[in-house]
Amino acid sequence: DMKAGARFAGALPSRRAPIHCRLYEQPSTTHPRRLARNDARRGAARPMKHVRKSVLLWYSAHEMYALVTAVEDYPRFLPWCADAHVLSRSDEGMKARLTLAFSGVRHGFTTLNRHDADRAVQVSLVDGPFSLLEGDWKFLPLGAGGGTGDAVQQACKIEFDMRYEFANGPLEAVISP
């Protein structure tokens, strides 16, 4: 969906529109709020959500990797992110804390992010309102531009794969799409 690609790229200067964007989310046969209410009554485990997104953009893999790893800037372009702090950095990545704000509900969560410069970011849950949160970003360079000397990458494919599950049924009913 082109709107999702435009929102995704909205944090970058609007010099180029997305080439292509797809969003995959595992369908549920029951409305999420009803499912969460039923699960809370039964004490049953809630189903894991799985989001996959593939986007082709007129930005280099380096530019998109820099955007994803600039956690401190998230509140500027992610409407659901009220606050973001990097707690620690290392050669392998970072530990970061984000505050989720949606429909009047605020919850913080901490992730450990492993970085492969300009290629990938792996996200795993440290603490927060999730029983599961793990994901992968992959940045795949496409084509070459007309630079002098080394070719300049002018586009990339981004693959995003996130699995999550809220630990709290009522919270999931409010926040989950």
Nearest atoms (heavy-atom pairs only) where [X] meets [Y]:
| X | Y | answer |
| --- | --- | --- |
| A84 | L98 | CB-CD2, 3.4 Å |
| V71 | V68 | CG2-O, 4.2 Å |
| L125 | S131 | CD2-C, 4.4 Å |
| Y65 | V121 | CE1-CG2, 3.8 Å |
| L133 | Y164 | CD1-CB, 3.8 Å |
| C156 | A61 | CB-N, 3.6 Å |

### Message
Tell me every residue that passes ring pair (Phe, Tyr, Trp, His ring centres under 6.0 Å) with F130, counting only those two or more places apart in sequence or in another chain.
### Response
F109, F166
Value rounded to 0.5 Å, distance of [atom1] in [X] from [atom2] in [Y]:
| X | Y | atom1 | atom2 | value |
| --- | --- | --- | --- | --- |
| R52 | M162 | CZ | CE | 13.0 Å |
| F160 | S54 | CZ | OG | 12.5 Å |
| W137 | L67 | CH2 | CG | 7.5 Å |
| Q122 | H115 | CD | NE2 | 10.0 Å |
| K157 | M64 | NZ | CE | 14.5 Å |

### Task
Give the cluster check for V55 versus L140: same hydrophobic cluster or not, with ILVMFWY residues linked at side-chain heavy-atom distances below 4.5 Å.
no
### Query
Going only through I, L, V, M, F, W and Y residues with side-chain contacts under 4.5 Å, is there a path from V86 to L100?
yes
### Task
Quick one: which residue pairs count as a salt bridge (Lys or Arg N to Asp or Glu O under 4.0 Å) with a foot in residues 85-103, not counting sequence neighbours?
E72-R89, R97-D127
### Query
What do you reckon, are the aromatic ring centroids of F102 and W80 less than 6.0 Å apart?
no
### Query
Other hydrophobic cluster members with L112, side-chain heavy atoms of Ile/Leu/Val/Met/Phe/Trp/Tyr under 4.5 Å, chained?
V126
### Message
Using side-chain heavy atoms (C-beta onward) and a distance below 4.5 Å, is K53 in contact with I158?
### Response
no
### Task
Using a 4.5 Å cut-off on heavy atoms from C-beta on, say whether the side chain of L142 contacts that of L56.
yes
### Query
With a 3.5 Å cut-off and no angle check, do the side chains of H85 and D83 form a donor-acceptor pair?
yes
Partners passing side chain to side chain contact (heavy atoms under 4.5 Å, CB included) against [X] (at least two apart in sequence or in another chain):
| X | result |
| --- | --- |
| L132 | M48, E134, R163, E165 |
| A82 | T99, A101, R106 |
| A120 | D116 |

### Query
Would you call the rings of F77 and Y74 parallel, tilted or perpendicular if under 30° counts as parallel and over 60° as perpendicular?
perpendicular
